[in-house]
Each structure stands twice: as structure tokens, then as C-alpha cells.
Amino acid sequence: MRRLGTGKMQRILDVLELIYAPQEIDAFAASVGGALQKLVRADVTVLSEVNPRRGRAVWVVDPSDAPIVNYREAFEHHIREDPVVAWFARSSDGRAVKLSDFVTRRQFHRLGVYNEVYRPGRLEYQIAFALATPRPLMLGVTMNRARRDFSEEDRQGLNLLRPHLVRAYRNAEALTSIQGDLRLLLRGVEELGHALVVVSSDGTIRWHSRQARRWLGEYFAWPRRGASHRLPEPLRLWLHRTLSRNDSDAVLTPPQPFVVERDATTLVARLLGERTQALIVLEERRAAVSARDLRALGLTLREAEVLSWVAQGKTGPEIASILGLSVRTVNHHLEHIYEKLGVNTRTAAAAAVLHASSH
């Protein structure tokens, strides 16, 4: 094996720095072409997922306006006769190969894939390597030129880089999966009426959900003067006091929540986590809806009073005691409430109260 020069090795290190940056799969696919250009010059680089059995291909082309972009369907039609695709379809060896390893230029020019894809795409030479070959799919990178074939030094450099690209691709797949799970979890948290803020011990915000940003803005006029990376001062002081009280503990003991009221709502902040990094869980609570407001649902005053206490989690006997009624009378009122609201349960009736309070 020919020894690569210092300049070539430095370019490999430059590529490694780019591809190992944490990124999801779409960003990885978009960045591969530009990263590889630092090592091997090419006119067009294509990250492709190919299924020769079904005649399907998905391309990410760099540059995105390269003429070959317009010939993907033609490539799918001729996919089985492409010499490089045929090699990777029958081989488990993903190392770099050149088009010229399999056909002469004259033989290549006789192929339909050349005349309908590469010739109109103005490409004559190619070097390619595989990132994954889970049959029948193949994931690989092809680098193409209009003039001058790729060298053995190019092949050697790509083969040195290939294991790192495989690992970077798997990292991107894993990160994409994790980020997808987190997005689903966040949607679930917000569906339950909560918001999240991840902070360092000094009050620096590392991440926040969209709902958290909205509430921080409404309750604290945040951010001010572009300081969106810092907690609002009242929350920062609360965080500092809480962490100081737990300084001797490895893990935070349940602290007192931070509560701030605004009009008819209250924002409650609870702290979870460790001393170096913590999670603030935000929840907005609305003041109890008055019986008078609930009469807009078509209820009598007494029915509205019963429903108001139902929404606050009181049981039938508790409501009877509060209102000076018998449990039987409370249940009778509930039957009328259910009928008027078109619901069948206490939970559904309470949900109707929440709906009414938000309008």
C-alpha cells in the first residue's frame, strides 16, 4: 500500500472533523458531498440508497443543481446494468471501486445507463464505496467526474475514510431515532399541559420547549435585551437558592415549586435533576371557574355550582356537604349536567369546564 503524504492525511482529518459532528440523518446526507471534496475532488457526489431488485433509487446529490438530478428515473430503469451497482449487489466488500475496474470507456459508452444518465449528466468517470449493504438495499457514495479518472491514491484515501463514514452514518441514524423519540415525548408532555426548560446550575438555558418560551415571555417579559440564554432573574434566584440548599446531596431532594400569578392564571415551576444540570417543569393552572361563568353552558345556578366543584376534584359526598345538599340530590344534578353537556362521565364534564374557561 502506497504511503499517503502529510497533506492527504491532513485532509482526511479535516473530513473526519466534519462528518463526526452530531447531526441527524438528513443533515449528514446533505453534508457528505462537501466533506469528501476536501479529500477527493469530484464534479458530482451522490449519496444513494439503491434497491436493484425493485429498480428504485433515492439520491442526495451535491451540488443539488447538477444535471444528473434530472435523470434519476432513467437510472432506475437501467439500474441493473450499472457496473458499480452490479458489483455491490453481489459483493459484501464495500471498499472503493472505480468504474474502470469493470468496463473500458468503449464498453461503458455502449450501455443504456451511460447514454440515458451519465452522458446527459456529462459524467465519464466514477469511484464509489458502500456504507451499508443490507440486502436488497445498498447505501453508498459515488463520486463522479467529467474528465480524468480517479487515482489509486484517491481510492486509498477513501478506503481509509470509509470505516469512519460508516460509523458517522450509524451515529446519525441513532441520533435521528433519539431525536424522533424526544419529539414524540415532548408532544406528549405538552399535550398534558406542561413545558420543559433544561438549565445549567448557573441559570444558563441549554434547551427549552416552544411552550416554555411562550410562558416565560408572558409571565416574565422574557427575553430582555437578547438574553434568551439566561433564565428570568426571579427563576434564576429560585434555582440558585434551591441548589444551595441541596449542596450536600448527590441528587436534588424535592424542592418547593416557584409560583407566579398573572390575571386568572398561575405558573408553577418545579425542579428536577442534578446539581450541574436540571430540568424545570412548567405548568399553567387556571383559577377555578365561577358558577356564574358556567351558566353560559345552559345550566341552572345550582347545576353550575355542582359542576364547578366537580371540576375541582370534589366527590359527590364532599359536594353535598359543601352545598348543604343530600348526595342523592347532587347525583340528580349531575344527571342533568351530563345530559345538557352531552357527556357521560365526571371527567368529561370537568373537561367541558376547562374548555369553557379557555374561551
Quick one: do [X] and [Y] make a salt bridge, cutoff under 4.0 Å?
| X | Y | value |
| --- | --- | --- |
| Glu303 | Lys340 | yes |
| Lys98 | Glu152 | yes |
| Glu305 | Arg302 | yes |
| Glu335 | Arg346 | no |
| Glu173 | Arg170 | no |
| Arg105 | Asp149 | no |
| Arg270 | Glu283 | yes |

Atom [atom1] of [X] with >12 non-hydrogen neighbours under 6.0 angstrom:
| X | atom1 | answer |
| --- | --- | --- |
| Arg106 | CZ | no |
| His336 | NE2 | yes |
| Arg54 | CZ | no |
| Arg187 | CZ | no |
| Glu17 | CD | no |

Parallel, tilted or perpendicular: which one describes the rings of His164 and Tyr20, with boundaries at 30° and 60°?
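The rings of His164 and Tyr20 stand perpendicular, inter-plane angle above 60°.
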Using the ring of each side chain (for Trp, its six-membered ring), is Tyr118 parallel, tilted or perpendicular to Phe75, with breaks at 30° and 60°?
perpendicular
Verify, without hydrogens or angle tests, whether [X] (side chain) and [Y] (backbone) share a donor-acceptor contact under 3.5 angstrom.
| X | Y | answer |
| --- | --- | --- |
| Gln107 | Thr104 | yes |
| Glu284 | Gly193 | no |
| Asp62 | Gly34 | yes |
| Trp238 | Val259 | no |
| Asn159 | Arg95 | no |
| Thr176 | Ala172 | yes |
| Glu318 | Thr315 | yes |
| Ser64 | Val61 | no |
| Arg230 | Arg236 | no |
| Asp181 | Ile178 | no |

### Message
I want to check a possible cation-pi pair here: Arg145 against Phe150, using under 6.0 Å from ring centre and within 45° of the ring axis as the test.
### Response
yes
Report yes if the side chains of [X] and [Y] come closer than 4.5 Å at any heavy-atom pair, otherwise no.
| X | Y | result |
| --- | --- | --- |
| Pro67 | Arg122 | yes |
| Leu307 | Leu297 | yes |
| Met138 | Glu49 | no |
| Leu99 | Pro83 | yes |
| Val85 | Arg80 | no |
| Phe220 | Leu267 | yes |
| Val141 | Leu131 | yes |
| Leu36 | Met143 | yes |

- Query: Going by atom types alone, do Glu116 and His77 pair a side-chain donor with an acceptor below 3.5 Å?
  - Reply: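 Note: Glu116 and His77 side chains miss the donor-acceptor criterion.
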Under 3.5 Å side-chain donor-acceptor pair for Asp93 and Ser91: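 Side-chain D/A pair, Asp93 to Ser91: absent.
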Considering all heavy atoms, the nearest Asn115-Pro120 contact |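 Residues Asn115 and Pro120, closest heavy atoms: O-CD, 3.4 Å.
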Closest non-hydrogen atom pair between Phe108 and Tyr114, with its separation:
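Result for this residue pair: O-CB, 3.1 Å.
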- Task: Quick one: do Glu24 and Arg183 satisfy salt bridge (Lys or Arg N to Asp or Glu O under 4.0 Å)? Show the steps, please.
- Result: CA-CA 13 Å; Glu24 294 190 54; Arg183 282 190 287 269; 3.4 Å; yes
Report the C-alpha separation of Arg56 and Val50 in whole Å, then their side-chain angles, then the decisive distance to 0.1 Å, and conclude whether the side chain to side chain contact (heavy atoms under 4.5 Å, CB included) test is met.
CA-CA 6 Å; Arg56 294 288 182 267; Val50 176; over 6 Å; no
TODO: Please confirm whether Trp222 and His208 have ring centers closer than 6.0 angstrom.
DONE: yes
Report task. List the steps, then state whether side chain to side chain contact (heavy atoms under 4.5 Å, CB included) holds for Asp101 with Val84. Result -> CA-CA 9 Å; Asp101 293 339; Val84 171; over 6 Å; no
